[in-house]
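Each remark here refers to the structure printed beneath this line.
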Amino acid sequence: MAKEQGVTPQSQDFSQWYIDVIQKAELVDYGPVRGTMVMRPYGYALWENLQRELDRMIKETGHENAYFPLFIPMSFLQKEAEHVEGFAPELAVVTHAGGEELEEPLAVRPTSETVIGYMWSKWITSWRDLPVLMNQWANVVRWEKRPRPFLRTTEFLWQEGHTAHATREEAEEETRRMLGVYAKLARDYAAIPVWEGMKTEKEKFAGAVYTTTIEAVMRDGKALQSGTSHFLGQNFAKAFEITFQDQDLEEKYVWTTSWGLSTRMIGAIIMAHGDDQGLILPPKLAPIQVVIVPIYRKNTREVVLEPARELEREIRAAGVRVHLDDRDQYSPGYKFNEWELRGVPLRIEIGPRDVEAGHAVLKSRLGGEKEFIGLRDLPGLLPERLEGFHRALYERALAFREEHVEKVDDYDAFKEQVERGFAAAFHCGDAACEKAIQEETKATTRVIPFDFPEEEGVCVRCGKPSAYGKRVLFAKAY
RNA sequence: CGGGGCGUAGCGCAGCCCGGAAGCGCGCCUGCUUUGGGGGCAGGAUGUCGCAGGUUCAAAUCCUGCCGCCCCGACCA
């Protein structure tokens with residue numbers, strides 16, 4: 001009974017699987033306005049964990065948090081030509097407030113380069129003011145045509161870093177450094193292997209000189225851009241007159257960068273690891289790392305719950321996020337299924353027989369046998385088990401990725417490959433050719449990986465010489 | 001913005017074609033029983049049938065208009 005508590009299998013309909021999982025695991029629900037989502041406590045806790053780790057890394061690399069306003073005068077957006085062209089179609093604009101029509105419409109920020117540029121033009125006057133290294137945690141609004149929870153919502157949460165430097169070299173180093181931070185977050189915390197590299201001209205951020213990206217493979221073989229770091233050159237400096245007087249007495253424009261990582265990363269975690277049972281959360285970010293499911297009858301309730309509570313205390317003292325599920329109204333079997341659906345990495349079962357024997361049962365969300373472990377040894381053992389879980393999850397994702405990327409040099413093979421994963425192919429660099437590939441195959445260039453070897457070849461579609469000196473990854477993307 | 005679908009109990013849906021007492025499953029509440037992989041029995045509560053008009057003795061059902069959401073595409077973190 002209660003069969004509809006399960007989720008649609010991935011192989012049957014990956015999209016439906018995703019929708020089922022996020023709702024049934026109580027990560028999110030739809031908001032009343034199209035494209036908005038409510039992050040429920042379990043989903044928000046995941047975001048908070050991710051946020052805490054990323055915030056720490058951002059600060060360790062010398063940045064300070066600040067906060068800029070939600071409303072931006074429309075005229076600001078228009079100062080950088082490419083920027084306004086890129087963002088105008090998806091702006092939400094406030095025209096009325098306080099019961100009156102506004103003299104100048106206000107954009108709800110889609111990103112904050114412009115308002116930050118405006119403020120910096122006031123604050124930056126000397127080479128001694130540089131570099132400026134700032135970050136803000138904020139919500140932004142982009143009125144996308146086709147929203148999907150976490151992946152593309154009308155309003156989303158993110159951090160956006162913004163920096164200003166005296167030289168091009170320094171700004172480019174910063175761009176690359178912060179991409180590295182994102183890659184580290186993905187690998188070491190989310191257990192997701194990512195390619196780091198360049199976006200093509202066609203795929204870059206509106207207003208950037210170039211964009212770097214981390215790109216990951218989802219379990220349906222599609223790509224998800226999970227974080228981007230942009231080198232903005234002097235584009236915004238010139239638009240907003242951000243200048244400084246250098247040591248050589250010359251007045252110069254600053255060089256700026258920006259970089260962002262959003263709640264989309266949660267979508268990446270869901271789709272990179274989840275299976276037909278539901279979520280599988282990386283232990284370093286999981287709201288609950290270990291769940292204890294007590295097994296008792298009415299007459300053995302306290303016999304089991306008392307040591308279970310003691311176990312919970314000891315595990316918590318060992319620095320592990322643990323939860324004791326002592327709800328009377330659900331059977332153990334129900335709880336097993338529910339916590340598997342919600343992706344908790346490790347489960348402990350403890351019943352009267354276990355209490356009698358002085359042990360408990362340990363079971364991993366990644367499968368394998370149930371283990372009997374002495375109650376005294378269990379708390380101390382869990383941190384290393386969680387480490388092991390993280391490594392196994394990463395290795396699993398890496399193996400999956402390797403199975404879903406192929407070098408292809410023939411357009412027919414290319415078309416087949418992008419149906420199941422990533423194609424590593426040569427491209428001529430012509431935006432029209434790139435567009436044609438997208439129209440013919442639905443695949444786009446995802447990334448030109450930094451660590452791909454130098455290699456010469458001809459464009460997989462048109463046969464003209466390769467533009468990038470190496471292969472480019474193509475895939476269908478979210 | 002194009003194509004498709006759907007709005008009926010908290011959730012998932014049937015009923016609509018062919019007008020005549022608003023239903024089913026799950027969930028929820030109470031009690032008993034059960035609990036080592038989504039238990040069982042009994043009792044119970046819950047509805048402006050998306051909105052507005054129209055036709056009719058009578059509208060969830062037929063007609064007109066509107067609104068909203070979801071899915072698939074083009075666009076994007």
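Each chain gets a letter, A, B and so on, in the order the sequences are listed, and its residues count up from 1.
Comparing A/Ala206 and A/Tyr296 by the nucleotide of RNA chain B that holds the closest heavy atom to each, the one mapping nearer the 5' end is A/Tyr296. Residue-to-nucleotide proximity on RNA chain B shows that, of A/Ser226 and A/Ile350, the 5′-proximal contact is made by A/Ile350.
When rounded to the nearest whole Å, the span between CG of A/Asn299 and P of B/U33 equals 11 Å. Taking atom CZ of A/Arg446 as the reference point, atom P of B/C76 lies 10 Å away to the nearest angstrom. To the nearest angstrom, P of B/A77 lies 9 Å from CH2 of A/Trp158. The distance between atom CZ of A/Arg109 and atom P of B/A77, rounded to the nearest whole Å, is 18 Å. Note: CG (A/Asp29) to P (B/C69) measures 14 Å, nearest angstrom. In this entry the distance linking CG of A/Asn139 with C1' of B/A77 reads 14 Å, nearest Å. Atom CG of A/Asp328 is separated from atom P of B/C28 by 14 Å (rounded to the nearest Å). Following rounding to the nearest Å, A/Phe150 (CZ) and B/A77 (P) show an atom-to-atom distance of 19 Å.
In summary, of the residues considered (A/Lys202, A/Gln438, A/Arg461), a side chain to side chain contact (heavy atoms under 4.5 Å, CB included) with A/Cys433 occurs for A/Arg461 alone. Among A/Arg347, A/Lys24, A/Lys335, A/Arg365, the one residue that satisfies the salt bridge (charged side-chain N to carboxylate O under 4.0 Å, His left out) test with A/Glu340 is A/Arg347.
For B/G36, its base never sits under 3.5 Å from the side chain of A/Arg297 at any donor and acceptor pair. Judged by atom type and distance alone, A/Glu338 does not reach the base of B/G38 through any side-chain donor-acceptor pair under 3.5 Å. Put simply, the side chain of A/Arg353 and the base of B/G36 share a donor and an acceptor less than 3.5 Å apart.
When heavy atoms are screened at a 4.0 angstrom cut-off, A/Glu144 is found touching base atoms of the nucleic acid. Among the heavy atoms of the strands, none lies under 4.0 Å from A/Arg327. Among the atoms of the strands shown, none is found under 4.0 Å from any heavy atom of A/Val293. Contact annotation for A/Pro352: base contact, defined as any heavy-atom pair under 4.0 Å involving a base atom. At a threshold of 4.0 angstrom between heavy atoms, the contacts of A/Thr153 include nucleobase atoms, whether or not backbone atoms are also involved. Across all strands, A/Gln225 comes closer than 4.0 Å only to sugar-phosphate atoms, never to a base (heavy-atom distances). Within 4.0 Å (heavy atoms only), A/Glu340 reaches at least one base atom of the nucleic acid.
Base pairing of B/G37: no nucleotide in any strand meets the Watson-Crick or G-U wobble criterion (both distances under 3.5 Å). Partner assigned to B/C18 is none, using Watson-Crick or G-U wobble distances below 3.5 angstrom. Checking B/C76 for Watson-Crick or G-U wobble geometry (two distances, each under 3.5 Å) identifies no partner in any strand. With both pairing distances under 3.5 Å, B/C28 is matched to B/G44 as a Watson-Crick or G-U wobble pair. The pairing partner recorded for B/C6 is B/G68, the criterion being a Watson-Crick or G-U wobble arrangement whose two distances lie under 3.5 angstrom.
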For this session: Evaluate ring-ring contact (aromatic ring centres under 6.0 Å, His included) for A/Phe76 paired with A/Phe71, printing each intermediate quantity in order.
Result: CA-CA 11 Å; A/Phe76 281 26; A/Phe71 298 115; over 10 Å; no
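Taking the C1' atom of each, B/C16 and B/G50 are spaced 16 Å apart, rounded to whole Å. Separation of the C1' atoms belonging to B/G37 and B/C41 is 22 Å when rounded to the nearest angstrom. Nucleotides B/C51 and B/G7 are separated by 14 Å at their P atoms, to the nearest Å. Look at the C1' atom in both B/A21 and B/U34: the space between them is 39 Å, to the nearest Å. Using P as the reference atom, B/C32 and B/G15 are 40 Å apart when rounded to the nearest Å. Separation of the P atoms belonging to B/G23 and B/U46 is 12 Å when rounded to the nearest angstrom. Comparing the same atom, P, in B/G19 and in B/C62 gives a spacing of 9 Å after rounding to whole Å. Atom name P, nucleotides B/G5 and B/A14: the rounded distance is 14 Å, in whole Å.
Phosphate contact (OP1/OP2 of B/C75, side-chain N/O of A/Gln438, threshold under 4.0 Å): present. Look at A/Arg152 and you won't find any side-chain N or O under 4.0 angstrom from OP1 or OP2 of B/A77. Regarding contacts with the backbone of B/U35, every side-chain N or O of A/Lys298 stays at 4.0 angstrom or more from both OP1 and OP2. Of the side-chain N and O atoms in A/Lys435, one or more sit less than 4.0 angstrom from OP1 or OP2 of B/C75. Proximity of A/Ser331 to the phosphate of B/G39: a side-chain N or O atom is located under 4.0 Å from OP1 or OP2. Look at A/Lys442 and you'll find a side-chain N or O under 4.0 angstrom from OP1 or OP2 of B/A74.
Classification of the A/Phe231-A/Tyr210 ring pair by plane angle, with boundaries at 30° and 60°, yields tilted. Ring orientation note: the planes of A/Trp158 and A/Phe156 are nearly perpendicular, at an angle over 60° on the 30°/60° scale. In this pair, A/His83 and A/Phe236 present their aromatic rings perpendicular. The plane angle is above 60°, beyond the 30 to 60° band.
Residues A/Glu144 and A/Arg152 are not paired through a salt bridge, judged by the lack of any N-O separation under 4.0 Å between the basic side chain and the carboxylate. Between A/Arg353 and A/Glu356, none of the side-chain N atoms (NZ, or NE/NH1/NH2) sits under 4.0 Å from a carboxylate O, so this pair counts as no salt bridge.
For A/Asn337, taking side-chain heavy atoms from C-beta onward, the closest of the listed nucleotides B/C70, B/G38, B/U35 is B/G38. Distances were taken from every side-chain heavy atom of A/Arg34 (C-beta onward) to each of B/C70, B/G36, B/A77; the shortest belongs to B/C70. Between B/G38, B/A77, B/G36, one nucleotide has an atom nearer to the side chain of A/Tyr334 than all others, and that is B/G38. Closest to the side chain of A/Lys145, out of B/C71, B/C1, B/G37, is B/C1. The A/Tyr30 side chain lies nearest to B/C71 when the options are B/U34, B/C71, B/A77.
Put simply, the side chain of A/Thr153 does not reach to within 4.5 Å of the side chain of A/Met39, judged on heavy atoms.
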